[in-house]
Amino acid sequence: MTEIKLVFDEPVQRKKAPKHLADLAPADRKAWATELGFPGYRANQVATHYFSHLAHDPNTWTDIPADSRQALADALTPSLIKLVRTVTCDNGMTRKDLWKLHDGVLVESVLMRYTDRTTVCISSQAGCGMNCPFCATGQAGLTRNLSAGEITEQIVAAARTCANGELPGGPTRLSNIVFMGMGEPLANYNAVARTLRNITDENPNGLGISARSVTVSTVGLVNGIEKLMAEDLNVTLAISLHTPDDELRDSLVPINSRYKVREVLAAADDYEKKTGRRYSIEYALIRDINDQAWRADLLGRLLKNRNAHVNLIPLNPTPGSKWTASRHEDELEFVRVLESYGVPTTVRDTRGREIDGACGQLAAAELAKAD
Ligand code: SAH
């Protein structure tokens with residue numbers, strides 16, 4: 001029980017991340033600029049360069065006097081994430097970036113270009129306190145929450161990579177954002193909510209990306225789902241269920257001892273009713289652990305009258321884990337049973353496998369190298 005309690009404790013902010021324009025609501029940005037001794041309207045100009053033009057070099061900010069550009073950039077848009085390493089696969093269409101934060105903490109993001117969209121998977125915390133035993137990030141525990149600026153910077157960096165034509169296929173637009181990197185987004189609620197506004201607010205207040213292209217993935221923190229519902233944001237919700245029964249879920253997703261399967265699904269249903277957004281059920285298929293046909297049957301019964309779709313993820317084994325992905329025939333049977341209940345089911349493609357694509361694996365490898 002002590003461990004579960006720890007999960008809810010605010011992580012120690014050893015040294016706060018430098019404040020950034022993206023930490024604040026648009027209305028507060030102007031006041032902050034004034035407080036720092038700049039004319040208030042400069043906040044809007046800098047926001048335009050940051051969110052609309054994705055221009056991080058202040059030398060290009062030609063509507064601002066040359067002698068104050070650098071000072072404004074240092075004050076309002078300090079660089080919060082520094083690229084340590086990039087690894088690519090799928091002929092460059094998948095790219096994973098490892099970032100160092102101001103205090104040396106490492107986080108990662110993954111950018112994936114498909115024919116019809118480009119998606120970035122971002123981290124909301126350094127580490128994670130949810131302690132799911134199959135997840136690489138869960139093993140090391142929570143280091144700290146990221147600030148809204150630190151989360152937003154990952155997205156803006158991805159948008160720049162797309163716009164600059166750094167991915168094969170030429171310049172494109174970042175279209176989708178998924179909170180499926182390191183961390184539990186709803187355990188860092190305020191910073192995540194601010195980031196969601198930075199994503200969806202129109203230029204120049206934000207990136208102007210449609211809420212329907214944003215997915216927040218959660219272990220099922222019911223209080224967080226309720227708060228998110230009240231935001232009127234209409235982003236897509238994904239619930240990491242991983243098994244339909246409380247008995248197994250208590251160990252696969254330890255927070256289940258606090259929020260049971262039924263409560264989590266009821267909160268997701270409320271969210272769906274309020275927003276009209278079908279939600280996803282994430283289910284990592286683990287050989288002989290949660291991939292039995294009877295569990296598919298139980299899941300089918302649970303979901304058949306719900307507006308949800310199931311996203312099966314072949315387990316990406318973490319180093320040293322005794323668990324592995326399901327046999328192909330078990331995966332097929334699992335899909336067949338769910339479909340027999342009319343539950344829409346997809347098996348997630350395993351992009352990024354070769355580059356330690358599973359959550360937390362690149363940062364873990366980098367830390368191991370440093371040891
Ligand atoms: N904390 C959030 C976001 C985490 S990562 C959440 O739990 O939803 C996004 C998804 O990847 C989650 O569904 C998570 O359970 C899953 N995942 C983590 N480690 C995995 C692994 N080794 N193999 C397959 N899926 C994994």
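Whatever order the structure lists them in is the order used to number ligands and atoms, beginning at 1.
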Looking at Glu282, which atoms of ligand 1 are within less than 4.0 Å of one of its heavy atoms? 13 (O)

How does Thr137 reach ligand 1, by side chain, by backbone, by both or by neither, if only non-hydrogen atoms under 4.0 Å count? neither

Under 4.0 Å from one or more heavy atoms of His242, ligand 1 contributes atoms 13 (O), 14 (C), 15 (O)

Proximity winner for atom 6 (C) of ligand 1, if only heavy atoms of Pro314, Ser240, Ala238 are counted: Ser240

For ligand 1, is any non-hydrogen atom under 4.0 Å from Met180's backbone (N, CA, C, O), its side chain (CB onward), both, or neither? both

Could you tell me which atoms of ligand 1, counted from 1 in the order shown, lie closer than 4.0 angstrom to a heavy atom of Val219? 6 (C), 7 (O), 8 (O)

Output yes when the distance from some N or O of ligand 1 to some N or O of Thr318 is under 3.5 Å, and no in every other case. no

Only pairs under 3.5 Å count here: list side-chain donor-acceptor contacts from residues 204-216, not counting sequence neighbours, and write none if there are none.
unit_1 : atom_1 : unit_2 : atom_2 : d
Ser210 : OG     : Arg212 : N      : 3.2

Heavy atoms only: which of Ile255, Asn311, Ile313, Ile286 lies closest to atom 25 (N) of ligand 1? Ile313

Check: Glu153 and Tyr50 side chains under 4.5 Å, non-hydrogen atoms: yes

Closer than 4.0 Å to some heavy atom of Gly181 - which atoms of ligand 1 meet that? 4 (C), 5 (S)

In ligand 1, which numbered atoms sit nearer than 4.0 Å to a non-hydrogen atom of Gly183? 1 (N), 2 (C), 3 (C), 4 (C)

Would you tell me which option among Trp323, Tyr283, Phe134, Phe179 has the nearest heavy-atom contact to atom 17 (N) of ligand 1? Phe134

Winner among Ser321, Cys135, Pro185 once heavy atoms are compared against atom 19 (N) of ligand 1: Cys135

Fit a plane to each ring of Phe134 and His242, take the angle between them on a 0 to 90° scale, and name the class: parallel (under 30°), tilted (30 to 60°) or perpendicular (over 60°). perpendicular

Lys/Arg-Asp/Glu bridge criterion (N-O < 4.0 Å) met for Arg327, Asp288: yes

What salt bridge (charged side-chain N to carboxylate O under 4.0 Å, His left out) pairs are there with at least one residue in residues 161-174, not counting sequence neighbours? Arg95-Glu166

Can you confirm whether Lys100 is buried at NZ, in the sense that more than 12 heavy atoms of other residues, nucleotides or ligands lie under 6.0 Å from that atom? no

Gln154 (side chain) donor-acceptor with Ser123 (main chain) under 3.5 angstrom: yes

Presence of salt bridge, Asp23 and Arg194, under 4.0 angstrom: no

